[in-house]
Amino acid sequence: MLPLSLLKTAQSHPMLVELKNGETYNGHLVSCDTWMNINLRDVICTSKDGDRFWRMPECYIRGSTIKYLRIPDEVIDMVKEDAQVKSRNRAEMKPRGGVGGGGQNQRGRSGGRNTFANRGGGAGRASSQGNRPLAQGNKIK
Amino acid sequence: MDDLNPLAGTAHLLDEVDKKLMVLLRDGRTLIGYLRSVDQFANLVLHRTIERIHVGTEYGDIPRGVFIIRGENVVLLGEIDREKEVKLPLKEVSVEEILDAQRREQEQRQDKHRLISKALKERGLSANADLISEDCF
């Protein structure tokens with residue numbers, strides 16, 4: 001995951017931006033682009049020496065003036081989870097072989113059907129269909 | 001094999017990903033953390049970062065979390081040798097102590113600068129901005 005993609009996933013999260021001149025801006029990321037230009041909202045600006053503060057509802061920072069950004073730990077955790085899910089999907093796809101895209105689509109659809117059936121499991125209607133949740137219930141009795 | 005590698009012979013940071021690195025910034029700050037990502041501008045993502053402040057032979061660590069560093073502010077970076085790390089010839093002190101020591105060091109530096117610019121003024125010269133600037137590089 002590239003640094004700028006990580007910044008994009010950090011959208012709506014709080015962050016601290018330090019400029020090259022030492023000023024820091026604390027706020028929530030609204031948007032960013034490929035030049036690292038960013039929009040923040042609910043901003044507190046702190047002077048270089050840290051003894052003066054300004055509050056502003058929003059601000060725009062030109063990417064080239066940024067020294068670094070500090071983002072919350074959970075943003076990296078989000079990315080890690082994403083990567084895990086993706087690699088798991090890839091691993092599941094491999095043994096099936098054939099056209100990868102088609103295989104995934106089919107699996108997605110059947111998954112959808114199962115969840116729907118499970119949802120209906122509690123209702124009386126489900127007995128006539130003889131679907132899995134009820135069958136399991138019978139076994140337990 | 002190297003002939004097939006498109007990055008052979010080019011300087012790149014991909015080998016450093018997921019290693020523990022020390023990064024020196026243009027403003028003189030030292031960050032230590034795990035490199036998670038880089039791009040073509042040498043923008044960096046550092047994870048579990050600490051800021052290490054050195055004063056003389058003492059140092060203190062401040063936990064800082066995740067950094068996205070804009071590449072142009074980096075002076076140098078290098079992998080930390082885990083074996084050498086455990087026997088540093090430096091003494092770790094608390095954050096309060098090191099911040100205190102850093103403040104004293106800065107005051108001394110300012111006093112020195114005042115003295116220099118005063119001496120230069122007396123000789124009809126103006127203080128050199130390079131001497132006073134905090135940007136080390």
Side-chain angles (χ1 to χ4, degrees), chain A residues 1-11 13-29 31-40 46-51 61-84 86-87, chain B residues 12-14 16-18 20-53 62-75 77 95 99 102-103 106-107 109-110 129 132-137:
Chain A
M1 180 126 189
L2 296 174
L4 285 168
S5 322
L6 183 69
L7 186 59
K8 205 169 155 64
T9 35
Q11 267 174 14
H13 284 80
M15 61 178 56
L16 179 150
V17 183
E18 179 159 332
L19 304 191
K20 288 173 180 166
N21 66 14
E23 285 174 10
T24 57
Y25 290 77
N26 278 282
H28 287 72
L29 183 65
S31 55
C32 60
D33 63 17
T34 52
W35 292 283
M36 213 186 267
N37 300 326
I38 54 171
N39 271 112
L40 295 176
T46 309
S47 63
K48 183 181 167 71
D49 37 21
D51 59 0
I61 298 174
R62 186 178 155 97
S64 67
T65 64
I66 293 172
K67 187 188 290 172
Y68 61 72
L69 310 107
R70 284 177 59 197
I71 60 172
D73 287 356
E74 57 257 32
V75 178
I76 280 226
D77 297 337
M78 280 162 55
V79 173
K80 274 185 188 159
E81 280 160 23
D82 267 16
Q84 274 171 2
K86 271 184 196 146
S87 68
Chain B
H12 64 93
L13 288 168
L14 294 175
E16 314 301 322
V17 168
D18 286 338
K20 191 178 184 183
L21 297 188
M22 188 188 100
V23 179
L24 181 66
L25 299 184
R26 271 174 59 112
D27 62 6
R29 269 187 273 194
T30 304
L31 302 175
I32 297 176
Y34 294 88
L35 184 67
R36 295 299 186 211
S37 170
V38 292
D39 63 14
Q40 73 269 41
F41 308 111
N43 295 328
L44 311 174
V45 175
L46 282 186
H47 190 203
R48 301 197 183 136
T49 316
I50 53 158
E51 178 177 347
R52 182 162 287 180
I53 299 173
I62 310 170
R64 294 291 196 203
V66 180
F67 274 80
I68 301 174
I69 305 170
R70 201 174 156 89
E72 39 175 340
N73 302 290
V74 175
V75 178
L77 56 85
V95 177
L99 287 175
Q102 189 186 41
R103 192 171 39 77
Q106 263 164 7
E107 281 166 6
R109 202 180 303 142
Q110 275 170 1
I132 292 159
S133 161
E134 280 182 49
D135 212 359
C136 322
F137 300 96

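Side chains included, hydrogens not; waters and symmetry mates left out as well; all remaining heavy atoms used. A, B, ... follow the sequence lines: proteins, then strands. Residue 1 opens every chain.
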Handout entry: Part of B/Val38 within contact of chain A (heavy atom distance under 4.5 Å)
Key =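 Just its backbone gets close to chain A.
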
Problem - Within 6.0 angstrom of B/Lys20 NZ, more than 12 heavy atoms from elsewhere - result: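 Buried by this count: over 12 neighbours within 6.0 Å.
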
Exercise for the section: With rounding to the nearest 0.5 Å, note down the distance linking CG in A/Leu19 to CZ in B/Arg70. Expected result: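 Taking CG in A/Leu19 and CZ in B/Arg70, the distance rounds to 11.0 Å.
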
Fill in the blank from the handout: The reported gap from CG in B/Leu25 to NZ in A/Lys67 (rounded to nearest 0.5 angstrom) is 7.0 Å

Problem - Options A/Ile66, A/Val79, A/Leu6, ranked by heavy-atom pairs under 4.5 Å with chain B, top entry - result: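 The residue among A/Ile66, A/Val79, A/Leu6 with the greatest pair count is A/Ile66.
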
Problem - Side-chain donor or acceptor of A/Arg70 paired with backbone N/O of B/Gly65 under 3.5 Å - result: no

Please examine the side chains of [Y] and [X], heavy atoms only from C-beta on, and report whether any two atoms are closer than 4.5 Å.
X: A/Val75; Y: B/Val66; result: no
X: B/Asn43; Y: A/Met36; result: yes
X: A/Tyr68; Y: B/Leu46; result: no

Handout entry: Pairs touching residues 73-84 of chain A that satisfy side-chain hydrogen bond (donor to acceptor under 3.5 Å, both in side chains), sequence neighbours left out
Key = none

Practice task
State plainly whether the residues B/Arg29 and A/Glu18 are in salt-bridge range, i.e. N to O under 4.0 Å.
Solution key: yes

Exercise for the section: Under 4.5 Å heavy-atom distance to chain B, tell me which part of A/Ser64 shows up: side chain, backbone, both or neither. Expected result: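 Both the backbone and the side chain of A/Ser64 come within 4.5 Å of chain B.
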
Practice task
Let me know if A/Ile76 has heavy atoms under 4.5 Å from chain B in its side chain, its backbone, both or neither.
Solution key: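 Contact with chain B involves the side chain of A/Ile76 alone.
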
Completion exercise
Correct closest heavy-atom pair for A/Pro3 and B/Ile68 would be O-CD1, 3.9 Å

Handout entry: Qualifying residues under side-chain contact (heavy atoms from CB on, under 4.5 Å), relative to B/Met22, sequence neighbours excluded
Key =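 Per chain and number, B/Met22 pairs via side-chain contact (heavy atoms from CB on, under 4.5 Å) with B/Thr30, B/Ile32, B/Ile80.
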
